[in-house]
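Notes follow once the structure below has been shown.
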2 protein chains.
Amino acid sequence: MLLSKSCVYGLRASIYLATKNNSEYIPIKKMSETIEISHHFLTKILQQLTAQGLLDSYKGPNGGVRLKKPASEITLMDVVLAIDGPDLLTECALGLPGCGHQNPCPLHDKWATTRDSIKQMLESSSLEYLVERGKSEDLRLTNEGGFEKLLNG
Amino acid sequence: MLLSKSCVYGLRASIYLATKNNSEYIPIKKMSETIEISHHFLTKILQQLTAQGLLDSYKGPNGGVRLKKPASEITLMDVVLAIDGPDLLTECALGLPGCGHQNPCPLHDKWATTRDSIKQMLESSSLEYLVERGKSEDLRLTNEGGFEKLLNG
DNA sequence: CTATTTTAGGACAAAAGACTCTCTAAAACC
DNA sequence: GGTTTTAGAGAGTCTTTTGTCCTAAAATAG
């Protein structure tokens, strides 16, 4: 798998938050039910995003989490780096330490091209873009049901 | 990580075998020492490749494994599919079941493009190509030492 | 037939990832 | 102050991946 499950959950949660008005905090419990991820596990993942400065959190009644920046300024790359770290974008495809321009493995050049393509995808996709696409084409973030589920839930 | 460790080990072993004359069997023990992978673990991985028809194996003295087809006819894709299976090339980037053209997630189109790039890299890289590149530019398959290590070892 | 070399196969151990549960701390409301 | 609602943090469990070890089976050589 390209991304860990934690990372995928973090992405789905971030997209969900991007559908919301950024002025109110969304309780993780409610969010976990809407996007169908275990409450406690999602809490742990979002703690990482909060620690990395992607989310604001607030305790107590009417508390929860929200995006710290506008959805247009957060990309998938930000979330992936916060959860899975940079390994995907730096490691050698054959797992060799120090593989690089000076000391490459046979796959190095081709892999560098592919990696750029992955990088490009992650950097060019803002949360805002994904929400716009989700809204206009009724895409989905859950096993069943379309995008309106997120907007209402 | 894009590929599992088992898969990466399988790739390195396959490239190593492609440097050899395909008429003789190479003992896994010797190979494991040259490419620096645990003997028993590598044995398990190569058993999968043998079971999938990519390798021939032979027991007893002067036994070992060898490529079943010419190195020009085996691609990285063959090895990846044999070990990691097709998930990388079929699964939704957000982990949603049944994500496809009819029922996509917001990331579906962009991910499809990236996935094609990965597919392209794996399918267009034959073992022969990698060995040629390795020989001509002294690339490496191990932590230390260049390609001649494989040719001699 | 016996000893040796090699793959095949299964049981087992260690580490990492995924997930659960419980308790604490902060904030709000009464 | 006491109760409720929420995130934070830690311990603990389950599963998958990674890796080790031991025995069996096949082939060869004497």
Side-chain angles (χ1 to χ4, degrees), chain A residues 1-13 16-17 20 24-68 80 82-85 87-88 91 95, chain B residues 1-13 17 20 24-68 80 82-85 87-88 91 94-95:
Chain A
M1 284 273 283
L2 192 74
L3 305 173
S4 70
K5 276 196 150 190
S6 293
C7 188
V8 164
Y9 292 166
L11 289 174
R12 292 195 358 220
Y16 172 83
L17 286 175
K20 300 297 171 191
E24 60 175 341
Y25 290 100
I26 310 293
I28 299 175
K29 183 101 171 64
K30 181 186 164 201
M31 172 166 32
S32 71
E33 284 161 4
T34 305
I35 62 178
E36 297 165 0
I37 299 172
S38 142
H39 168 44
H40 290 291
F41 193 42
L42 184 58
T43 298
K44 282 239 170 306
I45 295 162
L46 297 186
Q47 276 169 24
Q48 295 181 63
L49 296 182
T50 304
Q52 299 282 330
L54 288 174
L55 303 183
D56 265 335
S57 72
Y58 200 80
K59 292 178 182 174
N62 304 317
V65 294
R66 67 181 183 198
L67 299 178
K68 196 159 189 169
V80 169
I83 298 179
D84 276 353
D87 281 9
L88 179 65
E91 282 217 342
Chain B
M1 284 274 281
L2 193 73
L3 305 173
S4 71
K5 274 195 151 191
S6 294
C7 189
V8 164
Y9 292 166
L11 289 174
R12 296 204 344 228
L17 286 174
K20 299 298 170 190
E24 60 176 341
Y25 289 99
I26 310 293
I28 299 175
K29 183 101 171 64
K30 182 186 163 201
M31 172 166 30
S32 72
E33 285 161 3
T34 305
I35 62 178
E36 298 165 0
I37 300 172
S38 141
H39 169 43
H40 290 290
F41 193 44
L42 183 59
T43 299
K44 282 233 171 310
I45 295 162
L46 297 186
Q47 277 169 24
Q48 295 182 60
L49 295 182
T50 305
Q52 299 282 330
L54 288 174
L55 302 182
D56 266 335
S57 72
Y58 200 80
K59 292 178 182 175
N62 305 315
V65 294
R66 69 182 181 197
L67 299 178
K68 197 159 188 170
V80 170
I83 297 179
D84 276 355
D87 280 9
L88 179 65
E91 282 216 343
L94 294 182

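First the proteins, then the strands, lettered A, B, ... as listed; each starts at 1. Any value given below was found using the heavy atoms of this structure, including those in side chains, with hydrogens, waters and symmetry copies removed.
- Considering only side-chain N and O atoms, K5(A) lies under 4.0 angstrom from the phosphate OP1 or OP2 of dC19(C).
- Out of dA27(D), dG8(D), dA11(D), the shortest distance to the side chain of P61(B) is found at dA27(D).
- Whole-Å rounding puts the K44(A) NZ to dT20(C) P distance at 12 Å.
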**Q.** Stepwise side-chain contact (heavy atoms from CB on, under 4.5 Å) check, I45(B) with I37(B)
**A.** CA-CA 11 Å; I45(B) 295 162; I37(B) 300 172; 5.5 Å; no
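- Applying the side chain to side chain contact (heavy atoms under 4.5 Å, CB included) test between L54(A) and each of L67(A), L49(A), L17(A) identifies L49(A) as the sole match.
- Look at CG on D56(A): it is 15 Å from C1' on dA27(C), rounded to the nearest Å.
- With the nearest nucleotide of DNA chain C identified for both V65(B) and F41(A), V65(B) has the one nearer the 5' end.
- We find that CD of Q48(B) is positioned 15 Å from C1' of dT7(C), with the value rounded to whole Å.
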(Q) Walk me through whether H39(A) and I28(A) qualify under side-chain contact (heavy atoms from CB on, under 4.5 Å). (A) CA-CA 7 Å; H39(A) 168 44; I28(A) 299 175; 4.0 Å; yes
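- Here the side chain of S57(B) is nearest to one of dA8(C), dA11(C), dT20(C), namely dA8(C).
- Environment of CG in N62(B): sparse, with no more than 12 heavy atoms of neighbouring residues, nucleotides or ligands closer than 6.0 Å.
- For the pair H40(B) NE2 and dG10(C) P, the interatomic distance rounds to 16 Å; values are reported in whole Å.
- As rounded to whole Å, 16 Å separates atom C1' of dC21(C) from atom CG of L42(A).
- Whole-Å rounding puts the E36(B) CD to dG19(D) C1' distance at 17 Å.
- In terms of position on DNA chain C, the residue among H39(A) and G64(B) whose nearest nucleotide sits closer to the 5' end is G64(B).
- The listed nucleotides are dA27(D), dA18(C), dG8(D); the one nearest the side chain of T43(A) is dG8(D).
- With rounding to the nearest 0.5 angstrom, the OG1 atom of T43(A) is 9.5 Å from the NZ atom of K29(A).
- At a threshold of 4.0 angstrom between heavy atoms, the contacts of I26(A) are confined to the sugar-phosphate backbone, with no base atom among them.
- Of the candidates dT7(C), dG10(C), dA7(D), the closest approach to any side-chain atom of K59(B) belongs to dT7(C).
- If you measure from atom CE of M1(A) to atom P of dG17(C), you get 14 Å, rounded to the nearest angstrom.
- Between S38(A) and the phosphate of dT20(C), there is a side-chain N or O to OP1/OP2 separation shorter than 4.0 Å.
- Nearest to the side-chain atoms of P27(B) among the listed nucleotides dA11(D), dA27(C), dT6(C) stands dT6(C).
- Taking 4.0 angstrom as the limit, S6(B) places a side-chain polar atom (N or O) nearer than this to OP1 or OP2 of dT18(D).
- Here Y25(A) does not reach the OP1 or OP2 of dA27(C): none of its side-chain N or O atoms lies under 4.0 Å away.
- Considering only side-chain N and O atoms, Y9(B) lies under 4.0 angstrom from the phosphate OP1 or OP2 of dG19(D).
- Residue contacts shown for I28(B) are limited to sugar-phosphate atoms, with no base heavy atom under 4.0 Å away.
- Residue C7(A) holds its SG atom at 4.0 Å from CG of D84(A), rounded to the nearest 0.5 Å.
- dA8(C) atom P lies 13 Å from atom OH of Y58(B), rounded to whole Å.
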